[in-house]
Every structure is written in structure tokens, then in C-alpha cells.
K.L.:
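I am attaching a structure below and will ask some questions about it afterwards.
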2 protein chains.
Amino acid sequence: MQETTAKEPFLAVLRELAQAYHAFSAYSAAHVRQLGLTPAQFDVIATLGNTQGMPLSQLAQKTLITKGTLTGIIDRLEEKGLVRREVPVGDRRSFLAVLTPAGEALFAQVFPAHIDYLKRAFTEGDEGELEQVRRTLRGLRGRFQD
Amino acid sequence: MQETTAKEPFLAVLRELAQAYHAFSAYSAAHVRQLGLTPAQFDVIATLGNTQGMPLSQLAQKTLITKGTLTGIIDRLEEKGLVRREVPVGDRRSFLAVLTPAGEALFAQVFPAHIDYLKRAFTEGDEGELEQVRRTLRGLRGRFQD
DNA sequence: TATTGTTATACTCTATAACTATA
DNA sequence: TATAGTTATAGAGTATAACAATA
């Protein structure tokens, strides 16, 4: 996926996709780590924010983290006192992952700050253009998973 | 980066970027692992293919892998007999990473197959569209690193 | 039997920084 | 001093499969 050739335009697209994602990741992670969280941990906090909690299965779906890995991430967030497991009524096979008060406080404090940080990369007011970019990416994703 | 709000269209874009990349990664990695390589190892093999080898520093740049990690990856590829380190004339601080004959054979065998595999996601003949997608991604990347 | 999540194993990759050898 | 790469440390994510509890 390294050499861009005129013969394989789709390779150039994939390389750009990887590089765009990498650039975004590095940009975002630099900020997240200052908060003492890994990107995956931040993702979980951000996903649980403003919810009543959700089953680990649903959390795994939303964060794109596999269930085995998620167990470890939730463990570490529990150690930090940011998340707790709650047994939902009606199905004792599962747990809800829920933000603790400390987790909610952290979310309220750092999530908007992170959004602002990300937003700095989008200074110009290109509204309709963003919608077009979003559609383009949606289409690209669809090629690999539909 | 989970909830898409009309108020923050750029968040929707970033979420799509993450999901598009994730979908592509999963699609590609499923094939790569069948070859007994990790995605990072495949990336190195693919980058070294059809070259005379290159300094680890350059390889790190191209693959987006940091130099510390690259040391370990090259070590494992050396153990597999696919890559060797070569001391270039004129600068004994560095090494060239070079495919061994076995590495070249593997490259010749699996690289085109992988390209074909990836290509299956791009069945329609949308030539000019791909160029547009590439430009869109290039622009998105630029927001985070320029 | 199927589902949810945990555990175990064994690797692989990551970031960071200190370190060695060479330039 | 600066550069190329290695090493050390510590943590985090991956795949896979077996497992327990519940449905």
C-alpha cells in the first residue's frame, strides 16, 4: 500500500486514508494523553458520557473495541474510579458500564475541551463541504463492510 | 467522538474517518494474517518490495512506524528470514533494511494477491471519483499535520 | 443451545527516554 | 553537537479459545 501508481488509483486512496487517519490519531492522542488516559480509555469515557450506561456488548460495538480488550479497559477505568459495572435487571449475564460521579466530572471537564481542541483543525467555516467529506468517507467505509 | 450532532459537523467527519479506516484495516488485516504476517510486518515487506532496500529511518517515515517499534518488527522479520540488515558504505551509524531472496519471493507472491483482494472492494469503474476521494482525504490529513 | 462476559496464553505494537556509536 | 538505531520500561491492544453463568 506504499507506492502510488497511476495504474491503481484505489491504492492511492487507501494510502491517503491511512495517512489521514494516522494524522488525526496522532493529533487527538497527543491531547488525550495529557489527561492521563489512553485513546481507548478516552473513547469509552466519551461514549458513556451523557448516557445511563450501556451493556459492554453495545459499548464494544460503538467503540470498535473487541470484547476481550474491553474487559481490560473497563478494569483499568474501574481502578481509576471512573467507571463501574452495574448488573441490569432482567439479564444477569451482562453488565452495564456506567460512569461514576468522578467519571462524569471528568467527562464534563475534558470532553468539551477535547472537542475544542479537535475543532482547531477546522477553522474555516466550510459547512456544506464537511457534509460532502462525511458522505465520501461513508461511501468508502461501505466498500469494506457492507 | 461518538455522538453526531448537527451542531458539530466536523465530529461526524472524524467519526466517519475512524470508521472508514477501521473497516479498511479489518478487511485488509484479515487477509494479511492468513499469510502469517502482522499488518505492520506486511507494511514493511510491501514497502521494501521492488527497492534496493532503504535506511530504517526512511522505512519508518514511509510506514508511519516509530523507530523504536521498527527495531522490533525488523528483528522478527529477520528471524523469519525475510529481511536482513545491511551496513551501507559511507555511514556506519545506519542500516539498510533489505529483503532477502525469501522476502522477495514472498513479496512477489503475496503483494499482487493482496492488491487484488483490496481491489475487490472497488469493483465499479469509478476512476475520476477515486481521484476526488483521494483529494478529499489529502485535505483532511492536511488539517492535522500541516 | 445460545449469549455475555471473563480468563488465559502468547504476541505485537506503542510511547518515551536514555544510551551507544558514528558523523 | 547531531544523527541512526538500540534498549529499557511500562502499558496497551490483538487473536484465539476455553470457560462460567445465565437465558
Side-chain angles (χ1 to χ4, degrees), chain A residues 18 21-45 53-80 82-98, chain B residues 18 21-22 25-45 53-80 82-98:
Chain A
Y21 179 75
H22 187 269
F24 156 65
S25 271
Y27 180 84
S28 175
H31 186 241
V32 163
R33 288 185 194 282
Q34 290 175 357
L35 311 169
L37 297 174
T38 65
Q41 289 170 0
F42 180 84
D43 216 7
V44 167
I45 299 284
M54 65 185 72
L56 297 198
S57 52
Q58 188 182 340
L59 189 55
Q61 261 190 331
K62 290 214 177 201
T63 57
L64 305 174
I65 297 169
T66 54
K67 64 179 184 177
T69 302
L70 196 55
T71 293
I73 293 171
I74 298 291
D75 286 350
R76 276 165 237 129
L77 288 173
E78 268 195 325
E79 282 166 25
K80 295 186 188 195
L82 299 173
V83 167
R84 63 189 163 79
R85 288 172 164 93
E86 186 174 291
V87 180
V89 288
D91 190 342
R92 282 177 300 171
R93 285 177 307 184
S94 65
F95 291 105
L96 298 182
V98 187
Chain B
Y21 179 75
H22 187 270
S25 272
Y27 180 83
S28 176
H31 187 240
V32 162
R33 287 186 196 283
Q34 289 175 356
L35 311 170
L37 297 173
T38 66
Q41 289 170 0
F42 180 84
D43 216 7
V44 166
I45 299 285
M54 65 185 72
L56 297 199
S57 52
Q58 188 181 341
L59 188 55
Q61 263 191 329
K62 290 213 178 202
T63 56
L64 305 174
I65 296 169
T66 55
K67 63 182 184 176
T69 303
L70 195 55
T71 294
I73 293 170
I74 298 291
D75 287 348
R76 275 164 237 127
L77 288 173
E78 267 194 325
E79 282 166 25
K80 294 184 188 196
L82 299 173
V83 167
R84 63 189 163 78
R85 286 171 164 94
E86 188 174 289
V87 180
V89 287
D91 190 343
R92 283 178 298 170
R93 286 177 306 185
S94 67
F95 291 106
L96 296 182
V98 188

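Residue numbering restarts at 1 for every chain, and letters A, B, ... go by the order of the sequence lines.
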K.L.:
At their closest point, which heavy atom of A/R85 faces which heavy atom of A/T71, and how far apart are they?
P.N.:
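Heavy atoms only, the tightest pair is NH2-O, 3.5 Å.
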
K.L.:
Counting side-chain heavy atoms from C-beta on, which of D/dT14, D/dT22, C/dG5 comes nearest to A/R92?
P.N.:
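Selected nucleotide: D/dT22.
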
K.L.:
In whole angstrom, what separates A/I74's CD1 from C/dT7's C1'?
P.N.:
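Taking CD1 of A/I74 and C1' of C/dT7, I get 16 Å after rounding.
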
K.L.:
Identify, between A/D91 and A/T66, the residue whose nearest nucleotide on DNA chain D lies closer to the 5' end.
P.N.:
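It is A/T66 whose nearest nucleotide is closer to the 5' end.
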
K.L.:
May I ask you to say what A/A29 touches in the nucleic acid, namely base, sugar-phosphate or nothing, with a heavy-atom cut-off under 4.0 Å?
P.N.:
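Counting heavy atoms under 4.0 Å across all strands, no contact is made by A/A29.
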
K.L.:
B/F42 CZ to C/dC11 C1': how many Å, rounded?
P.N.:
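From B/F42 CZ to C/dC11 C1': 20 Å.
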
K.L.:
Looking only at N and O atoms, is any donor in the side chain of B/R93 or the base of D/dT3 less than 3.5 Å from an acceptor on the other one?
P.N.:
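Checked by distance alone, the answer is yes.
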
K.L.:
Do you know the tightest heavy-atom contact between B/V83 and B/A97?
P.N.:
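Where B/V83 meets B/A97 most closely, the heavy atoms are CG1-CB, 4.3 Å.
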
K.L.:
Which nucleotide in the set D/dT6, D/dA12, C/dC13 lies at the smallest distance from any side-chain heavy atom of A/R76?
P.N.:
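Minimum distance to the A/R76 side chain belongs to D/dA12.
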
K.L.:
Let me know the distance between CD1 of A/I73 and P of D/dG11, rounded to the nearest Å.
P.N.:
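Rounded to whole Å, this separation is 15 Å.
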
K.L.:
Tell me, do B/L82 and B/Q41 make a side-chain contact under 4.5 Å, heavy atoms counted?
P.N.:
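When only atoms from C-beta onward are counted, B/Q41 and B/L82 do not touch, as no gap falls below 4.5 Å.
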
K.L.:
Once you round it to whole Å, what is the distance between P of C/dG5 and CD of A/Q58?
P.N.:
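Interatomic distance, CD of A/Q58 to P of C/dG5: 10 Å.
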
K.L.:
Nearest to the A/T71 side chain among C/dC13, D/dG5, C/dG5, which nucleotide is it?
P.N.:
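Nearest to the side-chain atoms of A/T71, counting from C-beta on, is C/dG5.
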
K.L.:
I'd like to check A/I73 versus A/D43 (side-chain heavy atoms, cut-off strictly below 4.5 Å). Are they in contact?
P.N.:
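Sidechains of A/D43 and A/I73: no contact.
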
K.L.:
Rounded to the Å, how far apart are B/L77 CG and C/dT12 P?
P.N.:
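Going from B/L77 (CG) to C/dT12 (P), I get 10 Å.
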
K.L.:
Using atom CZ of B/R85 as one end and atom P of D/dA4 as the other, report the distance to the nearest whole Å.
P.N.:
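Interatomic distance, CZ of B/R85 to P of D/dA4: 16 Å.
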
K.L.:
As a test of reading the structure: which of D/dG5, C/dG5, C/dC13 is closest to the side chain of B/Q41, going by heavy atoms?
P.N.:
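Of all the options, the side chain of B/Q41 is nearest to C/dC13.
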
K.L.:
Map B/D75 and A/L64 onto DNA chain D by nearest heavy atom, then report which one ends up closer to the 5' terminus.
P.N.:
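Nearest-nucleotide comparison on DNA chain D picks B/D75.
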
K.L.:
So B/L70, base contact, sugar-phosphate only, or nothing? Heavy-atom distance under 4.0 Å.
P.N.:
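No contact.
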
K.L.:
Using whole Å, what does the distance between atom P of nucleotide C/dT4 and atom CD of A/E86 come to?
P.N.:
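To the nearest whole Å, that distance equals 18 Å.
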
K.L.:
Side-chain N or O of A/T38 versus OP1/OP2 of C/dT14: is the shortest distance under 4.0 Å?
P.N.:
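The answer is no; no side-chain N or O of A/T38 sits under 4.0 Å from OP1 or OP2.
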
K.L.:
Using a heavy-atom cut-off of under 4.0 Å over every strand shown, decide if B/T69 touches base, sugar-phosphate, or nothing.
P.N.:
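Here B/T69 touches the bases of the nucleic acid.
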
K.L.:
Rounding to a whole Å, what distance do you find between A/K67:NZ and D/dA17:P?
P.N.:
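Answer to the nearest Å: 12 Å.
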
K.L.:
From the set C/dA23, D/dG5, D/dT22, return the single nucleotide nearest to any side-chain atom of B/S94.
P.N.:
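So the nucleotide nearest the side chain must be D/dG5.
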
K.L.:
What pair of heavy atoms forms the shortest contact from B/L64 to A/A18, and how long is it?
P.N.:
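Between these two residues, the closest heavy atoms are CD1-O, 4.4 Å.
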
